[in-house]
Amino acid sequence: MPMEKTFNAAEAEPRITAMWEEKNAFAAGANKSRDDSFCVMIPPPNVTGALHMGHAFNNTLQDILTRWHRMRGFDTLWQPGTDHAGIATQMVTEREMAAKGEPSRREMGREAFLERVWQQKIKSRGTIIGQLKRLGASCDWSREAFTMSGAPNAPEGEEGNFHDAVIKVFVDLYNKGLIYRGKRLVNWDPHFETAISDLEVENIEMPGHMWHFKYPLAGGETYDYVEKDAEGNVTLRETRDYISIATTRPETMLGDGAVAVHPSDERYAPIVGKLCEIPVGPKEHRRLIPIITDEYPDPSFGSGAVKITGAHDFNDYAVAKRGNIPCYRLMDTQGNLRTDGAPYAESAMIAQEVARGERTLTEAEIDALNLVPDDLRGLHRFKRPEDNKPQARERVVEQITAEGLAVMIPAPPTTPRPGLDPGPLAEPGAAASDEVPGQARDGVAMVPYVEAKPIMQPFGDRSKVVIEPMLTDQWFVDTAKIVEPALEAVRNGTTKIIPESGEKVYFHWLENIEPWCISRQLWWGHQIPVWYATAPEDFDAYREKLEWVRNQGSAYDGKEPERFAGLKVVRHEVCASTESEALKKLARKLPAGTKLKLAYNNLVSRENDELGGFGIENTGAWVVFVSRDPDVLDTWFSSGLWPLGTLGWPEQTPELQRYFPTSVLVTGQDILFFWVARMMMMQLAVVDQVPFHTVYLHGLVRDAKGKKMSKSLGNVIDPLEIIDEYGADALRFTNAAMASLGGVLKLDTARIAGYRNFTTKLWNACRFAEMNGVWEGHSTQSAPPDATATANRWIIGETVRTLHEVDAALAEYRFDQAADTLYKFVWGKVCDWYVEFAKPLFDGDSAAETRATMGWVLDHCMILLHPIMPFITEELWETTGKRVAPLTLTDWPNLPETLIDAPSMREMTWVTGLIDAIRSARAQMHVPAGLKVTLLRIGLDDTARAACDRNAGLIARLARIETVTDAETVPKGALTIAAEGGTFAIPLEGLIDIAEEKARLEKTLAKLEKDLAGLRARLSNPKFVASAKEEVVEETRGKLAQGEEEAATLSAALARLAELL
RNA sequence: GGGUGAUUAGCUCAGUGGUAGAGCGCUUCGUUCACAUCGAAGAUGUCAGCGGUUCAAAUCCGUUAUCACCCA
């Protein structure tokens, strides 16, 4: 059946995908013919996600590398899989549960909820995997991995050992002292009620306010406040009984621990070390806080004095740590002001004693203090759209202002305030008494000083709510201790990051690395393998008291606290891979015979580990209750082990031996820190080997104008719609062509359409071959035919050249250059010239040789294009000849340089140059396209004459020449064409406009002369001849000589034309 | 504020020292049998500005401007 006019991608793609799967074509090691391995780890997409343009781009590049290596016989593995994506998946599942009216997460409890998320995972997983297959991704799908496979609650079909790897690494790092638990300020997401990493926070500039308040000095003290200008002249001097501070978050004032000023700030020098009053809360219990010095406040910003709220601001936290200032937590997990603990009066008194230095508290005691005034407890930190009443921030501002402790400034004239502003101007001629009584026309009104200004606010990248810095207990990786090998591996080139700028960014981040908070207060994820038990420090002393209590019967007399005073409890903490191991470890820390019991459903809440408990059974045996840390690990902790975990580690699998360390990681530069740097640190910490040798970083795919694609802008391009419309090959070729190192990725559908046309072009070249019997009896040949015709020898040479260029480009990850080279070869050489040359050749003596050559050349087009455009090339491969294997498992060619025949290459360059020149002259002189003309040859040298003779048929056909004749001179009224080695002319007396021909020649000559002037100038500069490279000088001389020859021809032609005018 | 990068044809981008290219778009012509998702021809640039290094700069260095992204 003859070929259709175009390739039907929609029909062919699923069929070809099925064929590849059926042949198991992408299995690890398929088409292996050498020992070198090549392994790519897919950046695991979120299991509940859908394919977007970034994935399409990223996976196209991985697939090109994978297919190229597989065809070259490497032992190749492209490892696929998905990520459990803790917060995102939990969010997606909860959203769907809400939409379906299912019970909420808290209602169903942790265990049931986890089962529900697993269902969601199983349901969604196929979506993105199927979409990757539509793109043509040649992953070994039989090895599909998941970052939570093998977790204790995983359902059937979700076996695997990724969980083992994650837990083993946690335990190992814990045992090495590289993981610790501590109270730290973290980014808290009040929506998801979990800590998140600083990388998951987006700082966005929002309109905000800066309030200015007075903190009165304790005991009514006063000082001289003096402001000076740059020259030291006093510009303001007044006596103040307060210090003025500016804040964008008034609600956090309740937790202030100090006011800080810069040590060099002379304005406040008199009051440093004194106490001032937080101007909010019940008057009788106002807290006093010290005025301290620290380098952090900027004297030129605001008043130069900064309130320090260590528990709710990262900068303040650092100041508090330096100055040993207590950090008072004000909010609960949802961002509401706390309602727990003792009443305000009691808490404030304790805080007061601390501020005066009369008392010290432990971290836990400080955390238990609730310094929120009773009337503000339970309010949200600030008014949200859904709140219909003022919340904490608004109430605090209101209270301070009411008390007259807001800094006041003259009212700006544009703000009308009824009762204070002047009334309407009196009518002309009216008497002064006509003014409205009670309105002050000239009095200066004062208003609270509130600056409206843009402020940077942190938002959760998933929840989109304002992140609250919060002091909480979290787990951390002590990254500073494991960062050095990761830095060294890139410094010494063991791992290379391209483009190189990525290395700079990598160094910069790792050299300033912060501890990594790895605990999340979520349910979906790897639960932290740490168990706690609270037990007496001295069991015997405790037993005595407990037995005494038992002998008393059940009646408590209210004196327990005193009776047990002096008896200490200890919280034991063990880290282990399994629960039974944990219990064994705990047992060793306790007296023999102690019974350990899992106290309660250990999947419930974070508070559990604080409860603990122990007692004595009737038998007299000790019972100690054990709980497991309820937190889960940051998703990036598990994906940080992706290279090891997917290859079966901690088991020593054959795959681990063969493919680790892996070859290349292709990923977006936006997750260099999230993932790449952490993988480096973790694999090095765990197995002392880098995870990959090369990291290829690319940018974000943007729209044609360079804007980020976003749903709200409506400029999202869906890769699946593109595949439907243009075919996967067109999208893939576009992706490859965009992939210049460090380039911006602007995706334009016009460009995709252009490359779809390219696939059609290739298709039709093969169709032309079919019509001319090229494929009859054709079978794959690795060596080119032994051709004699120059055109055939030439295209074989061009094919070899293209192969070498594509190999060189791909070796350097220049996907754009590989694509460009292939485009130019297939369209610009094969279709534009070779197919045209073949037409006359098919009618002559070299017909058989030409058929063989064309078959070989087109086979190589398919092979070389296959990594970029797998579908159409596979389809052509199947339909055009007898093949031993699908194209995807066909060997990549290895063609020696010797197949490039230099004389043929030179000759065809000359022929195509001549044809171009004739066509150009004809078109510019309006010679009718259909008119066949005579071509005169004047003064040709031997080379030119021979080339012309050998290729007369091609030239005649493509330049539309009737006959070729030799002549002594160019006749009058002819077109003159200058060529290397002689002159050509087309006699057209009467057909052409002499003036127009003169203008054409003059224009050509002028351009030529300009170039020649430059060449002459360079050659006449002795310094150029002396310092430039020999080849450059030679090349310049050659250009000049050739240009001068051409100029002479043109001048002669112009002289002849002059005779006619 | 710190870091990284960009600025080349109308648009989107290549081009790491030898006098500027591609695709798309545009203009003119053309359906002769692979392809109109096509063919032939053509026009288009102070390579962001300024200064420097060099025989030679889009390319290297400095600086300014504008833009983008990342981190504070």
Side-chain angles (χ1 to χ4, degrees), chain A residues 2-3 5-7 198-199 201-203 298 314-315 456 458 499-509 512 514 669-670 672-673 699-700 702-708 726-727 730 734 737-738 740-772 774 814 816-817 819-820 823-824 827-828 830-832 835-836 838-839 915-916 919-930 932 957-960 1010-1011 1013-1015 1017-1029 1031-1033 1035-1036 1039:
Chain A
M3 286 169 71
K5 275 179 95 170
T6 56
F7 171 58
D198 49 1
L199 294 173
V201 175
E202 290 173 343
N203 289 294
D298 175 0
F314 283 94
N315 289 316
M456 287 302 270
E500 213 185 316
S501 62
E503 298 196 347
K504 288 188 201 166
V505 179
Y506 177 88
F507 290 140
H508 190 256
W509 191 70
N512 298 288
E514 298 283 329
Q669 59 200 192
D670 53 328
L672 176 63
F673 308 142
L700 230 64
R702 296 153 187 287
D703 74 3
K705 301 217 171 87
K707 285 231 161 52
K708 255 187 191 177
Y726 300 102
T734 310
M738 286 198 301
S740 64
L741 284 182
V744 184
L745 307 171
K746 292 186 196 170
L747 185 66
D748 190 349
T749 47
R751 200 161 176 196
I752 301 172
Y755 291 128
R756 188 270 323 268
N757 296 352
F758 174 62
T759 65
T760 307
K761 193 74 182 171
L762 172 70
W763 182 265
N764 277 288
C766 293
R767 183 161 165 261
F768 168 82
E770 182 196 43
M771 291 169 149
N772 286 279
V774 167
R814 293 305 306 264
D816 59 326
Q817 284 180 1
D820 191 51
Y823 188 97
K824 286 189 167 123
W827 200 317
V830 176
C831 294
D832 284 349
V835 166
E836 296 303 325
K839 288 173 183 172
I915 293 168
D916 274 340
R919 282 172 166 180
S920 176
R922 285 178 60 131
Q924 285 184 68
M925 286 300 99
H926 314 295
V927 177
K932 293 206 167 184
R957 188 181 172 104
L958 295 179
R960 310 206 68 74
K1010 198 182 150 211
D1011 290 347
L1015 294 171
R1018 285 165 69 190
L1019 284 166
S1020 59
N1021 181 346
K1023 282 186 178 169
F1024 170 70
V1025 184
S1027 14
K1029 275 181 284 185
E1031 310 97 80
V1032 176
V1033 177
E1035 194 191 325
T1036 311
K1039 275 190 202 162

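Each chain gets a letter, A, B and so on, in the order its sequence line appears, and its residues count up from 1. Predicted model, so just to flag it, every value in this text is computed and none were measured. Below, each value reflects all heavy atoms present in this structure, side chains not excepted, and no hydrogens, waters or symmetry copies.
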Residue mapping more 5' on RNA chain B - nearest nucleotide basis, Thr6(A) or Gln817(A): Gln817(A)
Sugar-phosphate, base or nothing in reach of Lys932(A), heavy atoms under 4.0 Å: nothing
Distance in Å, Ser920(A) OG paired with Ile915(A) CD1, rounded so as to fall on 0.5 Å steps: 13.5 Å
Rounded P spacing from U59(B) to U7(B) in Å: 11 Å
Distance in angstrom units between Ile915(A) CD1 and A41(B) P, rounded: 11 Å
Polar atom pairs between nucleotides 42-45 of chain B and protein, under 3.5 Å, N or O only, would you list them?
{"from": "G42(B)", "atom 1": "OP1", "to": "Ser920(A)", "atom 2": "OG", "distance (Å)": "3.0"}
{"from": "A43(B)", "atom 1": "OP1", "to": "Lys1003(A)", "atom 2": "NZ", "distance (Å)": "3.0"}

Could you write out each protein N or O paired with an N or O of nucleotides 52-61 of chain B at a distance under 3.5 Å?
{"from": "C55(B)", "atom 1": "O2'", "to": "Asn1021(A)", "atom 2": "ND2", "distance (Å)": "2.9"}

Side-chain N,O (Lys839(A)) to OP1/OP2 (C33(B)) below 4.0 Å: no
Asn764(A) CG to Thr759(A) OG1 distance, which is reported to the nearest 0.5 Å: 9.5 Å
Tyr755(A) and Tyr823(A), any side-chain heavy atoms less than 4.5 Å apart: yes
A14(B) versus C60(B) - spacing of their P atoms, nearest Å: 15 Å
Touch class at under 4.0 angstrom, heavy-atom based, for Lys504(A) against every strand present: sugar-phosphate
Whole-Å distance separating the CZ atom of Arg814(A) from the C1' atom of A14(B): 8 Å
RNA chain B-proximal residues of residues 752-760 of chain A, any heavy atom under 4.0 Å: Arg756(A), Asn757(A), Thr760(A)
Value in whole Å for how far the C1' atom of C38(B) lies from CG of Leu762(A): 15 Å
Sugar-phosphate only, base, or nothing, as touched by Glu503(A) at under 4.0 Å among non-hydrogen atoms: nothing
Inter-nucleotide C1' distance (U31(B), U37(B)), Å rounded: 15 Å
Side chain of Arg767(A) (C-beta onward), nearest among G39(B), U19(B), A34(B): A34(B)
Heavy-atom check, side chain of Arg1018(A) versus side chain of Val1032(A), under 4.5 Å: yes
Nearest-angstrom distance, P atom, G23(B) to A41(B): 12 Å
Backbone of Lys839(A) reached by a side-chain donor or acceptor of Arg957(A) within 3.5 Å: no
Separation of atom CZ in Arg960(A) from atom P in A41(B), rounded to whole Å: 14 Å
Toward the 5' end of RNA chain B, by each residue's nearest nucleotide, Lys5(A) or Gly1014(A): Gly1014(A)
Whole-Å gap separating P (A40(B)) and CZ (Arg957(A)): 14 Å
Side chain of Tyr823(A) - closest among C24(B), U4(B), A40(B): C24(B)
Partners meeting side-chain hydrogen bond (donor to acceptor under 3.5 Å, both in side chains) with Asp820(A) (sequence neighbours left out): Lys824(A)
P spacing across the pair A58(B) / C26(B), given as an integer number of angstrom: 32 Å
Any donor-acceptor N/O pair, Glu836(A) side chain to Leu958(A) backbone, under 3.5 Å: no
Integer angstrom distance from the C1' of G49(B) to that of C67(B): 15 Å
Closest listed nucleotide, where the reference is the side chain of Arg919(A) and the choices are A40(B), G15(B), A34(B): A40(B)
Sugar-phosphate only, base, or nothing, as touched by Arg922(A) at under 4.0 Å among non-hydrogen atoms: nothing
Sugar-phosphate only, base, or nothing, as touched by Cys766(A) at under 4.0 Å among non-hydrogen atoms: nothing
Closest non-hydrogen atom pair between Thr1036(A) and Phe1024(A), with its separation: OG1-CZ, 3.8 Å
Side-chain N,O (Trp827(A)) to OP1/OP2 (A34(B)) below 4.0 Å: no
Length of the CZ-C1' vector between Phe507(A) and C70(B), whole Å: 18 Å
Ring geometry between Phe673(A) and Trp509(A) (parallel below 30°, tilted from 30 to 60°, perpendicular above 60°): parallel
Listed partners of Lys5(A) passing salt bridge (charged side-chain N to carboxylate O under 4.0 Å, His left out), at least two apart: none
Any Lys761(A) side-chain nitrogen or oxygen under 4.0 Å from OP1 or OP2 of G39(B): yes
Sugar-phosphate only, base, or nothing, as touched by Asp298(A) at under 4.0 Å among non-hydrogen atoms: nothing
Whole-Å C1' distance, A40(B) and U16(B): 36 Å
Heavy-atom closest contact (Ala959(A) atom, Arg922(A) atom, distance): O-NH1, 3.2 Å
Atom-pair distance (CG on Asp816(A); P on G23(B)), nearest Å: 15 Å
Helical stems, RNA chain B - three or more consecutive Watson-Crick or G-U wobble pairs below 3.5 Å: B:1-7 with B:65-71, B:10-13 with B:21-24, B:26-30 with B:38-42, B:48-52 with B:60-64
Donor-acceptor contact present, side-chain Ser1027(A) to main-chain Lys1023(A), <3.5 Å: yes
Test item: Thr760(A) and Phe7(A) side chains (from C-beta on) under 4.5 Å apart, heavy atoms: no
Lys1039(A) vs U19(B): side-chain N/O to OP1/OP2 distance below 4.0 Å: yes
Gap in Å between the two C1' atoms, one belonging to C24(B) and one to A9(B), rounded: 12 Å
Rounded distance (Å) that lies between atom C1' of C38(B) and atom CZ of Phe768(A): 15 Å
